[in-house]
Amino acid sequence: MNSEDGDSDVSVEKETTGESTKAQESMDLPGDPEGKGGNGPLGTSQESLEEFTDAKHESLFSLETNFLEEESGGTCSLKVSQDPFLQHVNKELKEEEIQAVATNPKTTHQLKWPVLGQLVFSSKFQKLETFKPSKDIDLKSLHLQKPLESTWTKTNSQFLSGPPKSSGPFTPLQKELFLIMNSYRDLFYPERTALKNGEEIRHVYCLHVINHVLKANAQVLGNNSRRRSQKLGVGDDDDFRDQGLTRPKVLIVVPFREAALRVVQLFISLLEGDSKKKVIVSNKKRFKGEYGSDPEERPPNLKRPEDYEAVFVGNIDDHFRIGVAILQRSIRLYAPFYSSDILIASPLGLRTIIGAEGEKKRDFDFLSSIELLIIDQADIYLMQNWEHVLHLMNHMNLLPLDSHGVDFSRVRMWSLNNWSKYYRQTLLFGALQDAQVNSVFNKYCVNLQGQVAVRNVPMTGSISHVLVQLPHVFQRLEAENLASVIDARFNFFVNKILPQYRDAVMSHTLIYVPSYFDFVRLRNYFKKEELNFTHICEYTQKSGISRARHFFLQGEKQFLLLTERFHFYKRYTIKGIRNLIFYELPTYPHFYSEVCNMLRATSRGEEATWTCTVLYSKYDAQRLAAVVGVERAAQMLQSKKNVHLFITGER
């Protein structure tokens, strides 16, 4: 291990106690790149040795045994009563307010902001407060903890071109986002794209995270110093309630290791800036090895759309979790979860440790005192496994089953009352206005400061990017309720649509299926009916994909069933399409135009016979608006007619 990990911060030969030899064994084992170490981060059980946790730096980063260094001046900003962090954590709720939340109607208010556009402020608590962004931004008024005022400008400089603007060291988008974050409201921003503003947003939420953690830890260390000077023992005084039931305060959910790497690099940059003092980062070399990527690994000559390149960059392993502890100017990577301030993980990495009911080895106490939850790139989890996100949300802020050595006299009353979820701020970023993502925001975000959702409507749809000459026939199917729409769609397709395509004249028909469950159902039906078809999904082997594409292109197979996830992860151009059926509207609006434009790949003069059929219901309003634009979508949903025709690519 030591030869591989060169830096002295991992060698543990000097320690001799029994506990440390156990820790040493866990360090000497090779890293577990897949993160399959089950219960690893807890670093307690014998079986969990596969997953590396840093045992050496425990006392160095312990919040209980450290004190505020005088010269760091960490308390200065916390004395100010206007500090939004203090206002938030010190706000006391009454029992009746909590009970009223269950019955209170949600109050909402719409506002238009210069950059974010249409915002909806809402709250389940008594009074709904809204605000407008101030024209000029004064760094002092933001209450940034030292050293962030100086380091932020340098860290963020890549986005700031030209003369300093009124938004100071923020871009106009970052300014408005940070004002909402710093007010501790929940935020849903569905316009984050990897190509356009993803990094800009990552920078600003990392600033908020470090600001929050530095303030929270400074409060604890400052109180440690005061207790020491007053010579107080454990439980002597009730005035120092400054922490949760467990130490982790921030959870950042990202889809790939590359994103975790970027977040940690931003943390280092925000603590270091251009100061002469280097930040001490333990286990940095190991982290680079496990989360970095080799640029030569990427296969050459693969031409993919630029949004694909931006999403799937670097190390795209989706099973990981890592604890990060921060103490003044030092960062400890691979901290055991219960000694961490910040957890960075993928939904799958969390799912394997949270476990399910009935499993012996499961743990979710580390989620009990999360004060800041960031879910970035939420749309990608729709393509991975949305169930993992719901499972995580159902285990947030529950009372821990074990005390984990906490000093209860230091725990905030709202944490002891099991009210943490009313103090948790959730920041949700994604690329889509999607019903499932919306529902998580509406159901699980109950912050007492209220919620802010960005709700801009698409005026032009992605159909305007279709370059081929093609008639698009939109067919509306009727469904009584949301639960029955799946069966209604299947029956409509089998009885109304498929008969038109069974004729051999309608060969080269691609059926695009967003849901894997629908795909399996259709595949089974096609098999039963002995239709001449082939299929490709995200689980198909390479050889199977090549065969299916070949048979489809040659016309040996009349139908090709294709899942949306396959298109998301591979983005192959399917050649030989003449007839297109969208079994359901795509999750990503630009996939609509992308798939339609695949017809260009093999045009042999039969353009006049090309067709495109799309199924939709009233429950697809958001997806429909994203494809055809909001005004047309409204007409199509209210119209007496249930068939609508669009023609694209006319000269």
Side-chain angles (χ1 to χ4, degrees), residues 255 304-305 307-308 311-312 316 318 347-348 377-389 431-432 434-437 462 485-487 489-490 492-494 497-498 501 508-529 531-553 557-577 579-599 601 612-617 620 623 626-627:
R304 293 280 181 272
D307 66 297
Y308 177 93
V311 168
F312 295 101
I316 52 168
D318 65 352
L348 179 60
Q377 292 174 271
D379 50 287
I380 293 181
Y381 313 133
L382 292 169
M383 297 290 134
Q384 288 178 343
N385 190 336
W386 191 248
E387 288 298 317
H388 295 340
V389 176
L432 303 168
D434 182 88
Q436 294 180 83
V437 185
S462 61
V485 80
I486 296 167
D487 288 336
R489 187 185 304 278
F490 179 75
F492 185 81
F493 176 78
V494 166
I497 307 293
L498 200 54
Y501 287 85
H508 296 276
T509 298
L510 175 90
I511 305 172
Y512 179 95
V513 193
S515 156
Y516 182 72
F517 300 108
D518 287 338
F519 166 79
V520 172
R521 189 175 187 179
L522 287 172
R523 187 186 64 194
N524 293 346
Y525 177 80
F526 276 44
K527 275 183 182 163
K528 193 177 100 225
E529 291 288 309
L531 291 170
N532 179 20
F533 83 107
T534 181
H535 54 85
I536 301 178
C537 72
E538 59 273 29
Y539 303 113
T540 311
Q541 300 291 321
K542 237 186 174 138
S543 55
I545 296 170
S546 305
R547 254 198 321 276
R549 290 174 76 187
H550 173 75
F551 287 150
F552 183 67
L553 175 61
K557 298 285 185 191
Q558 185 178 347
F559 295 100
L560 169 59
L561 289 174
L562 186 85
T563 64
E564 179 167 74
R565 272 197 190 147
F566 172 79
H567 183 66
F568 175 80
Y569 282 110
K570 293 286 188 268
R571 293 292 182 89
Y572 288 177
T573 298
I574 306 293
K575 293 179 177 171
I577 309 171
N579 304 295
L580 249 182
I581 301 175
F582 284 93
Y583 185 77
E584 186 184 356
L585 284 154
T587 309
Y588 286 92
H590 65 280
F591 283 4
Y592 183 84
S593 49
E594 237 170 62
V595 174
C596 289
N597 288 332
M598 283 182 191
L599 280 85
C612 173
T613 303
V614 188
L615 278 62
Y616 73 97
S617 76
D620 299 324
R623 291 186 182 188
V627 170

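Taking the side chain as every heavy atom from C-beta outward, Phe552 and Leu510 approach each other to under 4.5 Å. A heavy-atom distance below 4.5 Å is not found between the side chains of Asp518 and Phe490. A heavy-atom distance below 4.5 Å is not found between the side chains of Val389 and Gln384. For the pair Asn385/Pro347, no side-chain contact is recorded, criterion being any heavy-atom separation below 4.5 Å from C-beta on.
When each of Tyr569, Tyr516, Tyr512 is checked for a side-chain contact (heavy atoms from CB on, under 4.5 Å) with Glu564, only Tyr512 meets the rule.
For the pair Ile380 and Pro255, the tightest heavy-atom approach, listed with the atom from each and the gap, is CG2-CB, 3.8 Å. Scanning both residues, Val513 and Phe519, for their nearest heavy atoms gives CG1-N, 3.6 Å.
In this structure, the separation between OG1 on Thr540 and CZ on Phe566 is 7.0 Å, given to the nearest 0.5 Å. Here the CG atom belonging to Leu498 is positioned 11.0 Å from the OG1 atom belonging to Thr613, to the nearest 0.5 angstrom. Distance check: Arg304 CZ to Phe312 CZ gives 10.5 Å after rounding to the nearest 0.5 Å. Between atom CG of residue Asp379 and atom CG of residue Leu432 there is a gap of 5.0 Å, rounded to the nearest 0.5 Å. Distance CD1/Ile581 to CG/Leu562: 13.0 Å, rounded to 0.5 Å. Note that CG of Leu599 and SG of Cys612 are 8.0 Å apart. Values are rounded to the nearest 0.5 Å.
Every residue meeting the salt bridge (charged side-chain N to carboxylate O under 4.0 Å, His left out) condition with Asp434, not counting sequence neighbours, appears here in chain and number order: Arg623. Residues satisfying the side-chain contact (heavy atoms from CB on, under 4.5 Å) criterion with Ala601, sequence neighbours excluded, are Thr573, Lys575. By the ring-ring contact (aromatic ring centres under 6.0 Å, His included) test, His388 pairs with no residue at all, sequence neighbours left out. Taking Asp307 as the reference, Arg571 meet the salt bridge (charged side-chain N to carboxylate O under 4.0 Å, His left out) condition, with sequence neighbours excluded. The side-chain contact (heavy atoms from CB on, under 4.5 Å) check on Asn579 picks up Tyr501, Met506, Thr509, Thr611, with sequence neighbours excluded. Residues passing the side chain to side chain donor-acceptor pair (under 3.5 Å) test with Tyr592, sequence neighbours excluded: His472. In terms of the ring-ring contact (aromatic ring centres under 6.0 Å, His included) criterion, Phe517 has no residue partners (sequence neighbours excluded). Partners of Ala626 under the side-chain contact (heavy atoms from CB on, under 4.5 Å) rule, at least two apart in sequence or in another chain, are Pro589. For Glu387, there are no salt bridge (charged side-chain N to carboxylate O under 4.0 Å, His left out) partners two or more places apart in sequence or in a different chain. Residues satisfying the salt bridge (charged side-chain N to carboxylate O under 4.0 Å, His left out) criterion with Asp620, sequence neighbours excluded, are Arg489.
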Phe582 and Val595: CA distance, side-chain angles, deciding distance, side chain to side chain contact (heavy atoms under 4.5 Å, CB included) verdict = CA-CA 10 Å; Phe582 284 93; Val595 174; 4.0 Å; yes
Thr587 vs Phe568, side chain to side chain contact (heavy atoms under 4.5 Å, CB included): CA-CA, chis, key distance, verdict | CA-CA 10 Å; Thr587 309; Phe568 175 80; over 6 Å; no
Stepwise, does the side chain to side chain contact (heavy atoms under 4.5 Å, CB included) test hold for Leu560 with Phe551?
-> CA-CA 9 Å; Leu560 169 59; Phe551 287 150; over 6 Å; no
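In this structure, a donor-acceptor pair under 3.5 Å is absent between the side chains of Glu584 and Ser515.
The stretch residues 541-552 participates, sequence neighbours left out, in no salt bridge (Lys or Arg N to Asp or Glu O under 4.0 Å) pair at all.
The aromatic rings of His567 and Phe591 sit perpendicular, their planes meeting at an angle over 60°, well past the 30° parallel limit.
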What pairs of donor and acceptor atoms, side-chain ones from residues 531-538 against any protein atom, are under 3.5 angstrom apart with sequence neighbours left out?
unit_1	atom_1	unit_2	atom_2	d
Asn532	ND2	Glu556	O	3.0
Glu538	OE1	Thr563	OG1	2.8
Glu538	OE2	Arg565	NH1	3.3

